[in-house]
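Comments concern the structure below.
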Number of protein chains: 2
Amino acid sequence: MTKKGMGRVLSEQGHNSDQEMLATMSRHGWRITDQRRTLAQIFTSNEGYLSPKDVYDQMSLKYPSVSFDTVYRNLRMLSEMNVLEQFYFMEGGLKFKASCLDHHHHHLICINCEKTLTFEYCPMEQQMALPGNYKILNHRFEIYGLCEECQESTV
Amino acid sequence: MTKKGMGRVLSEQGHNSDQEMLATMSRHGWRITDQRRTLAQIFTSNEGYLSPKDVYDQMSLKYPSVSFDTVYRNLRMLSEMNVLEQFYFMEGGLKFKASCLDHHHHHLICINCEKTLTFEYCPMEQQMALPGNYKILNHRFEIYGLCEECQESTV
DNA sequence: GTCTATGCAAACAATTTGCACAATG
DNA sequence: CATTGTGCAAATTGTTTGCATAGAC
């Protein structure tokens, strides 16, 4: 029933596989088109964040006549059903990556190639004195750095 | 000379006062115009984030013929010299607030009115096991919630 | 066959740029 | 008075919408 099926194994970091993505689309009543199949592959085979333009470029390789609005439409749709997560880079604008649905965690992001690793530590588990009487709803914790490859190549 | 005279005191949370903002502009070689004076006041008298439109609206009150591009130019300029800090809200787009230059801290942000409180706890002080061999450069930790007033008014 | 997805063109929003005039230092 | 700031209009970029046709179920 659920996407977990019987003996299903999550890909290494708990990302959706492209099959899972397609299943999710289907479950939400969206049709599985060739473009969407390709879109799913693009995101499952990519560890980092992709801009709409990046996605468009990759799509164009297989579908030379693909249009920007289709890319935008699908990116928005996939974000709405939590298959993708959005992130706004101050320098690079809005980007997308496959979201990790199975557990709470935070990200270590390479500011050069944008490859993203997850880690389990969450600061909200600490007892910390917060000012004011806010009703806490959400939080965001990200660490930025240079991954091993980018450290070497940036010398 | 400065508005606080000799025994100058930083405003409660270490924000720049508008005088300090103007001094910074001056120090960077920018001229002090009436609009910029007003702009400084707008940001020092506001705890939350302001969109370019918000700023434009407030500026229009005093300078009915102010133009959007001047607002943008000045916002960009002030961000570049670290007088303002930018923040991209997923829902509301790019916004600005007076930056706190004197010490490291993080923010508790009301998602309704965007009033922002600072707190001292920093998760990077913890020993945490991070994956990969990233060279850590930066981090971001924000907590979102509803401030007391907004909890009441949102019932 | 019905209904959704796509591509095209056009609309729209946010931000930036070029230029002549106004204002600051 | 020399130079920077401003307002106006237009350009640019990123994203969304309307509509006819192609494609999925």
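Below, all heavy atoms of this structure are taken into account, side chains as well, without hydrogens, waters or symmetry copies. Reminder, nothing fancy here: chain letters follow the sequence lines and each chain counts from 1. Note that the structure is a prediction, hence the values are computed from the model and not measured.
When the nucleotides dG25(C), dT15(C), dG7(D) are ranked by their closest atom to the side chain of P52(B), dT15(C) comes out on top. Checking dG23(D), dG7(D), dT15(C) against every side-chain atom of Y72(B), the shortest atom distance belongs to dT15(C).
Nucleic acid contact for N74(B): sugar-phosphate only, since backbone atoms but no base atoms lie under 4.0 Å from a heavy atom of the residue. Residue contacts for R36(B): at a heavy-atom cut-off of 4.0 Å it reaches the sugar-phosphate backbone alone, with no base atom in range. Residue contacts for R73(A): at a heavy-atom cut-off of 4.0 Å it reaches a base atom on one of the strands shown.
Taking the six-membered ring for Trp and the full ring otherwise, the centers of F89(B) and Y49(B) sit less than 6.0 Å from each other. A centroid separation of 6.0 Å or more is found between the aromatic rings of H106(B) and H139(A).
Rounded to an integer number of Å, the gap from CG of L39(A) to P of dA5(C) is 13 Å. Separating the CE atom of M59(B) from the P atom of dG5(D) is a distance of 14 Å, rounded to the nearest angstrom. Separating the CZ atom of F68(B) from the P atom of dG7(D) is a distance of 13 Å, rounded to the nearest angstrom. In this structure, CE of M25(B) is placed 15 Å from C1' of dT6(D), rounded to the nearest angstrom. The distance from atom CG of L75(B) to atom C1' of dT16(C) is 13 Å, rounded to the nearest whole Å. One can place CZ of F96(B) at 10 Å from C1' of dT15(C), the figure rounded to the nearest angstrom. Distance CE (M90(A)) to P (dG14(D)): 15 Å, rounded to an integer number of Å. In this structure, Y63(B) places its OH atom 16 Å from P of dG5(D), rounding to the nearest Å.
For the atom pair Q41(B) CD and M21(B) CE, the distance stands at 10.5 Å (nearest 0.5 Å).
One donor-acceptor pair, N or O on each side, does fall under 3.5 Å between the base of dA9(D) and the side chain of D69(B).
Checking T33(A) against G93(B), the closest nucleotide of DNA chain C that is more toward the 5' end is the one next to T33(A). Residue order along DNA chain C, read from the 5' end via each residue's closest nucleotide, puts R76(B) first among R76(B) and W30(B). Positionally, the nearest nucleotide of DNA chain D for G29(B) lies more toward the 5' end than for the other of Q35(B) and G29(B).
Under 4.0 Å is where a charged nitrogen must lie from a carboxylate oxygen, and between K115(B) and E149(B) at least one such pair does.
At least one donor-acceptor pair closer than 3.5 Å links the side chain of E20(A) to the backbone N or O of S17(A).
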